[in-house]
Number of protein chains: 2
Amino acid sequence: MAEERPPRADALRNRAKILDAAEAVFAAQGLSASTEDVARRAGVGIGTVFRHFPTKDALIEAVFLGRVRTLAAKAEALSEAEAGPALFAFFAYAVEQAATQNAYADVLAEAASAAAPAGEGSPREPGASPVGAELASALEALLERAQRAGAVRSDIGAPELMALLIGASRAAERVGPDVRNRTLAIMFDGLRPLR
Amino acid sequence: MAEERPPRADALRNRAKILDAAEAVFAAQGLSASTEDVARRAGVGIGTVFRHFPTKDALIEAVFLGRVRTLAAKAEALSEAEAGPALFAFFAYAVEQAATQNAYADVLAEAASAAAPAGEGSPREPGASPVGAELASALEALLERAQRAGAVRSDIGAPELMALLIGASRAAERVGPDVRNRTLAIMFDGLRPLR
DNA sequence: ATATAATCGGAGTCGTGACTCCGATTAGAA
DNA sequence: TTCTAATCGGAGTCACGACTCCGATTATAT
């Protein structure tokens, strides 16, 4: 059918530059940052940005995908460690990210509602957003291991953990590190098995 | 000095209509809803909206003030009940509101950063936003009572509780009632004294 | 009932930001 | 080197939303 041509070298380079720039800009200014800012930061014209990503949403989604992949990789890496600490470390890491980078919490929230198999909320087009699925499954694996090791109470599931994670991330956005850590500690205590 | 005239009756009526409409519209569509939507819903012209509230932000703040007052009143009312349950009930109520009404969580977040005495984040003009202060003090009172009654661990302060509340509210926005309640339960367990 | 000062309404202004279009540029094949 | 198709850049278009302006309307004092 259609012949697939390999993309030109400069096109690939620009795509990468745009993605990096977008990540930086969104982190600094939030998702309402303008596409022009992204283009400027990437050192390309706006036209180029829209050539690579037909829509601002597409660009955002691409950035999100990268972030979630990073998170999932982190979870993967931690799966070698001891079960309980692994989960908590991942949790803390994710929240730390959210505290540092603006709009990172949005990534999580978006990923979550994308991953949710069934929700009463906003309907989702079928086939949209594979973004959250891998993160969800990574989280689920961590949780299960931690529960089997007796480090986390057994009466909760991945959705609750996800909600907690999102909440913590959002809460971390406007709070100092000390309060953030104490808040995390409270959540962790709540997650431990009841005695 | 300047003679103060009592406002006209219709002006007061319109102001109230606008406030009600704004609350409904923001609850339904979030804070990005347009001022025209508010005007239409209130059954007045845009000009009228801007006469009463010189800025969209001013309108938002006015709506927020009402909401926070309601919350504070709820806290007040609960202060008659037993200390521990009172705090938890308030917490659950606030989160419930956030889950139902869009952008209610923003109210809390805004109120919180307004109330925070010192933050490294965005600087605040002095004298701005008395909105959060009363809520903060109400919350603080509830917390202190609950701690004295031994229902809540004593090593946390109002900032942590506030962060938790905001997080829970934000997390509740896109989640079903069952997950929400289980998540709340986890937080409550974390808040109880360590055994 | 009349005067008058305040309020109302909504068409119009202004700024912003997503997205398009096309001539200039350039990577890569021959 | 030369040719060609793909990419680049950014000025221009378009939609939207906050906010202004002023003639029409109306509450209230006399």
Side-chain angles (χ1 to χ4, degrees), chain A residues 1-64 102-103 106 110 128, chain B residues 1-65 102-103 106 110 125 128:
Chain A
M1 311 284 275
E3 281 300 325
E4 282 294 312
R5 289 198 165 245
R8 262 166 53 168
D10 58 343
L12 259 71
R13 225 176 309 139
N14 275 338
R15 190 190 156 88
K17 280 198 290 185
I18 291 168
L19 231 35
D20 283 356
E23 181 153 348
V25 169
F26 289 148
Q29 310 178 28
L31 294 181
S32 61
S34 73
T35 311
E36 290 204 31
D37 279 347
V38 173
R40 202 176 357 262
R41 169 113 184 194
V44 302
I46 320 172
T48 304
V49 174
F50 280 98
R51 162 175 310 279
H52 287 285
F53 305 95
T55 267
K56 189 187 178 183
D57 280 346
L59 173 59
I60 292 176
E61 183 152 332
V63 173
F64 279 15
N102 233 325
D106 293 328
E110 202 52 43
Chain B
M1 313 285 274
E3 280 300 324
E4 282 297 311
R5 291 200 164 244
R8 265 165 53 169
D10 57 344
L12 260 70
R13 227 176 308 139
N14 275 338
R15 190 190 156 88
K17 278 198 293 185
I18 291 168
L19 231 34
D20 283 355
E23 182 152 349
V25 169
F26 289 146
Q29 310 179 28
L31 294 180
S32 60
S34 74
T35 310
E36 291 205 29
D37 279 347
V38 173
R40 201 174 0 262
R41 170 111 186 197
V44 303
I46 320 172
T48 305
V49 174
F50 280 98
R51 161 174 310 279
H52 287 286
F53 305 94
T55 266
K56 190 187 178 183
D57 280 345
L59 172 60
I60 292 176
E61 182 153 332
V63 173
F64 280 14
L65 191 75
N102 232 324
D106 293 329
E110 202 52 44
E125 313 83 68

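First the proteins, then the strands, lettered A, B, ... as listed; each starts at 1. What's counted below: heavy atoms across the whole structure, side chains too, no hydrogens, waters or symmetry copies. All of these numbers come straight from a predicted model, not from anything done at the bench.
Rounded to whole angstrom, the span from the CG atom of A/D37 across to the C1' atom of C/dC19 amounts to 16 Å. C/dT13 atom P lies 14 Å from atom CD1 of B/I46, rounded to whole Å. A/R40 has its CZ atom 12 Å from the P atom of C/dA18, to the nearest Å. With rounding to whole Å, B/L12 atom CG is found 19 Å from D/dT26 atom P. One can place CG of A/L31 at 15 Å from C1' of C/dG17, the figure rounded to the nearest angstrom. Rounding to whole angstrom units, CZ of residue A/F53 and P of C/dG17 are separated by 21 Å. Taking atom CZ of residue B/F50 and atom P of nucleotide C/dT7, one finds them 17 Å apart after rounding to whole Å. For the pair B/I60 CD1 and D/dC19 C1', the interatomic distance rounds to 14 Å; values are reported in whole Å.
The A/R51 side chain lies nearest to D/dC8 when the options are D/dC8, C/dG9, C/dT7. Here C/dC8 is the nucleotide among C/dA11, C/dC8, C/dG9 with the atom lying nearest to any side-chain atom of B/A11. Comparing C/dC19, D/dT20, C/dG9 against the side chain of B/T48 picks out C/dG9 as the nearest. Listed candidates were C/dC19, D/dC19, C/dA27. Nearest to the side chain of A/K56 is C/dC19. Of the candidate nucleotides D/dA27, D/dT7, C/dG17, C/dG17 has the atom nearest to the side chain of A/S34.
The line from NZ of A/K56 to CG of A/L31 is 7.0 Å long, rounded to the nearest 0.5 Å. In this structure, B/I60 CD1 and B/T35 OG1 are separated by 8.0 Å, a value rounded to the nearest 0.5 Å. Separating the CZ atom in B/F64 from the CG atom in B/D106 is a distance of 6.0 Å, to the nearest 0.5 Å.
Of the charged side-chain nitrogens involved, at least one lies within less than 4.0 Å of a carboxylate oxygen, so that B/R40 and B/D37 count as a salt-bridged pair.
Neither OP1 nor OP2 of C/dT26 sits under 4.0 Å from any side-chain N or O of A/R8. Contact annotation: A/N14 side-chain N/O to D/dC8 OP1/OP2 distance is under 4.0 Å. Side-chain nitrogen and oxygen atoms of B/H52 include at least one within less than 4.0 Å of the OP1 or OP2 phosphate oxygen of C/dC8.
Checking B/G47 against B/R13, the closest nucleotide of DNA chain D that is more toward the 5' end is the one next to B/G47. Each of B/E36 and B/D10 has a nearest nucleotide on DNA chain C; the 5'-most of these lies closest to B/D10.
Contact annotation for B/T35: backbone-only contact, meaning every heavy-atom pair under 4.0 Å involves sugar-phosphate atoms and none involves a base. Counting non-hydrogen atoms under 4.0 angstrom, A/A58 reaches nothing in the nucleic acid.
Two residues are said to be in side-chain contact when any heavy atoms from C-beta on lie closer than 4.5 Å; B/L19 and B/E23 fail this criterion.
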